[in-house]
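Quick notes on the structure that follows.
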Amino acid sequence: MAGFGSYSKIEGFIMLPLQTTCMSATTFTGQNIGAKKPERARKTMKYSIAIAVGFGTVASVILQFIPEYAVRIFTSDSSVITLGGQYLKGYVWDCIFAGIHFCFSGFFTACGYSIISFIHNVISITCARIPLSYLTSIEYPGTLFPMGLASPAGSLLSVIICVTVYIVMRRKGKL
């Protein structure tokens with residue numbers, strides 16, 4: 001639990017740029033939808049995704065090499081540093097996928113389809129994050145790395161749902 005607490009502080013820091021990118025994209029998308037410029041709204045989402053993926057990739061790669069050092073900022077307990085580093089090394093890949101589905105969620109919300117954001121998050125939580133966290137905690141009790149991968153798996157599922165819904169709605173002329 002202490003390792004998770006240390007990791008949570010790091011998560012808050014690395015997710016902040018992704019959340020602000022999403023909030024900005026949602027605002028710009030809403031303004032462009034209101035101005036009857038859907039193509040500009042779609043470009044906003046695409047650029048926001050590119051920014052989020054760029055930042056997420058850099059953060060993920062850097063933290064693969066220094067997870068224990070990052071956790072050490074918040075604790076001196078060696079077991080907490082080890083376990084927090086293990087979890088962070090798996091979890092940090094969520095920065096890439098979460099950034100993508102955050103941007104899609106903002107786009108759908110600005111277009112008046114906030115229910116899509118709710119649905120893909122519920123599916124992600126119930127079909128990936130919770131079951132995978134549970135299963136990895138049983139299967140790999142000595143390490144938190146596999147449990148850390150449950151979040152990126154859930155976000156990847158959200159991305160797949162969002163991309164699919166986006167494509168279908170575009171073909172139907174709703175976006």
Side-chain angles (χ1 to χ4, degrees), residues 1-23 25 48-109 114-167:
M1 199 60 207
F4 177 78
S6 296
Y7 133 80
S8 294
K9 293 176 178 99
I10 297 164
E11 178 206 19
F13 178 73
I14 60 177
M15 284 297 190
L16 187 60
L18 301 175
Q19 292 168 342
T20 55
T21 299
C22 169
M23 287 187 282
S48 298
I49 289 172
I51 291 167
V53 167
F55 175 81
T57 301
V58 170
S60 296
V61 170
I62 289 171
L63 284 169
Q64 287 304 300
F65 298 105
I66 61 162
E68 290 86 9
Y69 292 107
V71 174
R72 187 173 284 141
I73 294 169
F74 302 102
T75 184
S76 60
D77 184 312
S78 62
S79 62
V80 171
I81 291 168
T82 300
L83 293 171
Q86 291 170 355
Y87 188 85
L88 181 59
K89 198 168 185 173
Y91 170 83
V92 75
W93 296 106
D94 196 34
C95 292
I96 297 169
F97 303 120
I100 297 169
H101 80 78
F102 286 175
C103 291
F104 271 110
S105 290
F107 178 81
F108 291 138
T109 299
S114 58
I115 189 70
I116 296 169
S117 300
F118 175 76
I119 291 170
H120 81 75
N121 278 302
V122 168
I123 292 171
S124 167
I125 290 165
T126 58
C127 295
R129 293 175 192 265
I130 292 172
L132 290 174
S133 293
Y134 176 73
L135 291 173
T136 57
S137 71
I138 291 170
E139 197 65 32
Y140 303 97
T143 177
L144 293 181
F145 175 73
M147 189 182 294
L149 292 172
S151 284
S155 288
L156 180 58
L157 178 57
S158 281
V159 169
I160 291 167
I161 293 167
C162 287
V163 168
T164 303
V165 169
Y166 178 80
I167 290 169

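Everything numeric in this text was worked out from a predicted model, so none of it was measured.
Here the CD-OH distance, from Glu139 to Tyr134, works out to 11.5 Å after rounding to the nearest 0.5 Å. Rounding to the nearest 0.5 angstrom, the gap separating the CD1 atom in Ile130 from the OG atom in Ser124 is 9.5 Å. Remark: Ser133 OG to Ile138 CD1 distance equals 11.0 Å, nearest 0.5 Å. Rounding to the nearest 0.5 Å gives a distance of 11.5 Å between SG of Cys103 and CZ of Phe108. Remark: Thr82 OG1 to Asp77 CG distance equals 8.5 Å, nearest 0.5 Å. In this structure, the separation between OG1 on Thr57 and CD1 on Ile62 is 11.0 Å, given to the nearest 0.5 Å.
Ring geometry for Phe107 versus Tyr166: interplanar angle over 60°, hence perpendicular rather than tilted (30 to 60°).
Contact record, Leu157 with Cys127: CD2-CB, 4.2 Å, taken as the closest heavy-atom pair. A pairwise comparison of heavy atoms in Cys162 and His101 identifies SG-CB, 4.3 Å as the closest pair. Residues Ile81 and Val71 approach most closely at CA-CG1, 3.8 Å, considering heavy atoms. Minimum heavy-atom separation, Gly56 to Ile96: C-CG1, 3.5 Å. Of all the heavy atoms in Pro152 and Phe97, the pair that sits closest is O-CD1, 3.8 Å.
A side-chain contact (heavy atoms from CB on, under 4.5 Å) with Tyr87 is found for exactly one of Ser151, Pro146, Pro67, namely Ser151.
For His120, the side-chain hydrogen bond (donor to acceptor under 3.5 Å, both in side chains) test picks out Ser105, Ser158, with sequence neighbours left out.
Taking 4.5 Å as the limit, some side-chain heavy atom of Leu18 sits within range of a side-chain heavy atom of Cys95. The closest side-chain heavy-atom distance from Phe104 to Val163 is below 4.5 Å. Using a 4.5 Å heavy-atom cutoff, the side chains of Tyr140 and Met147 are not in contact. Taking 4.5 Å as the limit, some side-chain heavy atom of Ile161 sits within range of a side-chain heavy atom of Ile123. Taking 4.5 Å as the limit, every side-chain heavy atom of Phe55 sits out of range of all side-chain heavy atoms of Thr21. The shortest side-chain heavy-atom distance between Val80 and Leu83 does not fall under the 4.5 Å cut-off.
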- Item | Pair Val61-Val58, side-chain contact (heavy atoms from CB on, under 4.5 Å): steps then yes or no | CA-CA 5 Å; Val61 170; Val58 170; over 6 Å; no
